[in-house]
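Here the structure is laid out as structure tokens; the discussion comes afterwards.
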Amino acid sequence: VQLQASGGGLVQAGGSLRLSCAASMRSFSNYAMGWFRQAPGKEREFVASIMRKGQNQYYADSVKGRFTVSRDNAKSTVSLQMTSLSPEDTAVYYCAADVSIFRVSKTPAYWGRGTLVTVSS
């Protein structure tokens with residue numbers, strides 16, 4: 001299983017950014033997918049997750065209403081649309097996959113390499 005996140009960069013506060021994760025795995029639709037982030041000096045935290053068929057999404061309270069997770073099972077990709085970004089969203093964002101019916105667990109089975117998002121004030 002390989003997960004490759006992309007789309008990070010520098011954005012001003014209030015701006016938007018879209019992250020993408022390309023997955024290389026058999027039966028992508030059998031995996032719940034998710035996003036985590038790790039800010040400098042902090043522990044990695046859950047951001048968002050989406051069920052295998054995309055029917056439900058889960059969000060951390062800190063991003064609810066601002067971030068949207070989606071997936072395209074035909075293309076084996078998962079995306080994270082981020083809006084109304086603030087400096088507190090600055091972190092390395094990681095894509096993750098888990099063999100789960102619902103959401104990814106706190107310790108997903110598979111991690112991708114992160115992509116850095118920097119939000120300037």
Side-chain angles (χ1 to χ4, degrees):
V1 173
Q2 290 186 334
L3 303 171
Q4 182 62 55
S6 62
L10 175 63
V11 63
Q12 288 188 334
S16 300
L17 208 59
R18 185 178 181 87
L19 305 182
S20 295
C21 176
S24 177
M25 59 175 56
R26 295 182 62 182
S27 303
F28 175 76
S29 60
N30 285 347
Y31 294 82
M33 299 297 297
W35 291 93
F36 291 73
R37 68 186 181 185
Q38 186 167 19
K42 295 187 177 181
E43 294 186 354
R44 190 176 298 186
E45 63 175 1
F46 168 80
V47 175
S49 182
I50 186 167
M51 289 179 68
R52 295 181 297 181
K53 307 300 183 185
Q55 60 269 53
N56 277 340
Q57 300 83 42
Y58 307 88
Y59 299 96
D61 288 342
S62 59
V63 306
K64 202 171 293 183
R66 299 188 299 121
F67 290 12
T68 302
V69 60
S70 60
R71 66 189 294 161
D72 186 334
N73 285 348
K75 297 181 178 179
S76 297
T77 60
V78 60
S79 299
L80 185 68
Q81 178 68 46
M82 306 183 293
T83 64
S84 300
L85 286 163
S86 72
E88 289 69 35
D89 295 313
T90 294
V92 176
Y93 284 72
Y94 298 89
C95 175
D98 219 353
V99 183
S100 171
I101 296 176
F102 299 109
R103 54 181 285 177
V104 295
S105 68
K106 293 181 180 179
T107 54
Y110 305 101
W111 290 99
R113 297 178 66 178
T115 184
L116 177 63
V117 173
T118 303
V119 184
S120 63
S121 57

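Atoms considered below: every heavy atom in the structure, side chains included; atoms not considered: hydrogens, waters and symmetry mates.
- At a threshold of 4.5 Å between side-chain heavy atoms, the hydrophobic network of Ile, Leu, Val, Met, Phe, Trp and Tyr places F36 and V1 in two separate groups.
- Sorted by first and then second residue, the salt bridge (Lys or Arg N to Asp or Glu O under 4.0 Å) pairs involving residues 58-67 (not counting sequence neighbours) are D61-K64, R66-D89.
- Once rounded to the nearest 0.5 Å, the distance linking CZ of F67 with OG of S79 reads 13.5 Å.
- In this structure S29 satisfies the side-chain hydrogen bond (donor to acceptor under 3.5 Å, both in side chains) test with no other residue, sequence neighbours excluded.
- Note on V11 and V63: same hydrophobic cluster, where clusters join Ile, Leu, Val, Met, Phe, Trp and Tyr whose side-chain heavy atoms are under 4.5 Å apart, directly or indirectly.
- Side-chain atoms of S100 come within 3.5 Å of backbone N or O of R103 as a donor-acceptor pair.
- When hydrophobic clusters are built by joining Ile, Leu, Val, Met, Phe, Trp and Tyr residues whose side-chain heavy atoms come closer than 4.5 Å, directly or via intermediates, L10 is not grouped with L85.
- Atom CD of Q55 sits in a crowded spot, with more than 12 heavy atoms from other residues, nucleotides or ligands closer than 6.0 Å.
- The stretch residues 90-109 participates, sequence neighbours left out, in no ring pair (Phe, Tyr, Trp, His ring centres under 6.0 Å) pair at all.
- Rounded to the nearest 0.5 angstrom, R71 CZ and L80 CG are separated by 13.5 Å.
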May I have the list of side-chain donor-acceptor pairs in residues 17-26 shorter than 3.5 Å, sequence neighbours left out?
| unit_1 | atom_1 | unit_2 | atom_2 | d |
| --- | --- | --- | --- | --- |
| R18 | NH1 | Q81 | OE1 | 3.1 |

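- Here the CG-OH distance, from D98 to Y31, works out to 9.5 Å after rounding to the nearest 0.5 Å.
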Compile the donor-acceptor pairs under 3.5 Å between side chains in residues 106-121 and protein atoms, sequence neighbours left out, one pair per line.
| unit_1 | atom_1 | unit_2 | atom_2 | d |
| --- | --- | --- | --- | --- |
| T115 | OG1 | G8 | N | 3.1 |

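- Closest approach of C95 to V78, counting heavy atoms only: SG-CG1, 3.8 Å.
- The side-chain contact (heavy atoms from CB on, under 4.5 Å) check on D72 picks up A74, K75, T77, with sequence neighbours excluded.
- Legend: disulfide bond (SG atoms under 2.5 Å apart) pairs involving residues 45-93, not counting sequence neighbours: none detected.
- Not counting sequence neighbours, the partners of E88 by the side-chain hydrogen bond (donor to acceptor under 3.5 Å, both in side chains) test are S86.
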Without placing hydrogens or testing angles, list every side-chain donor-acceptor pair under 3.5 Å for residues 44-52, not counting sequence neighbours.
| unit_1 | atom_1 | unit_2 | atom_2 | d |
| --- | --- | --- | --- | --- |
| E45 | OE2 | R37 | NE | 2.7 |
| E45 | OE2 | R37 | NH2 | 3.2 |
| S49 | OG | M33 | O | 3.0 |
| S49 | OG | V104 | N | 3.0 |

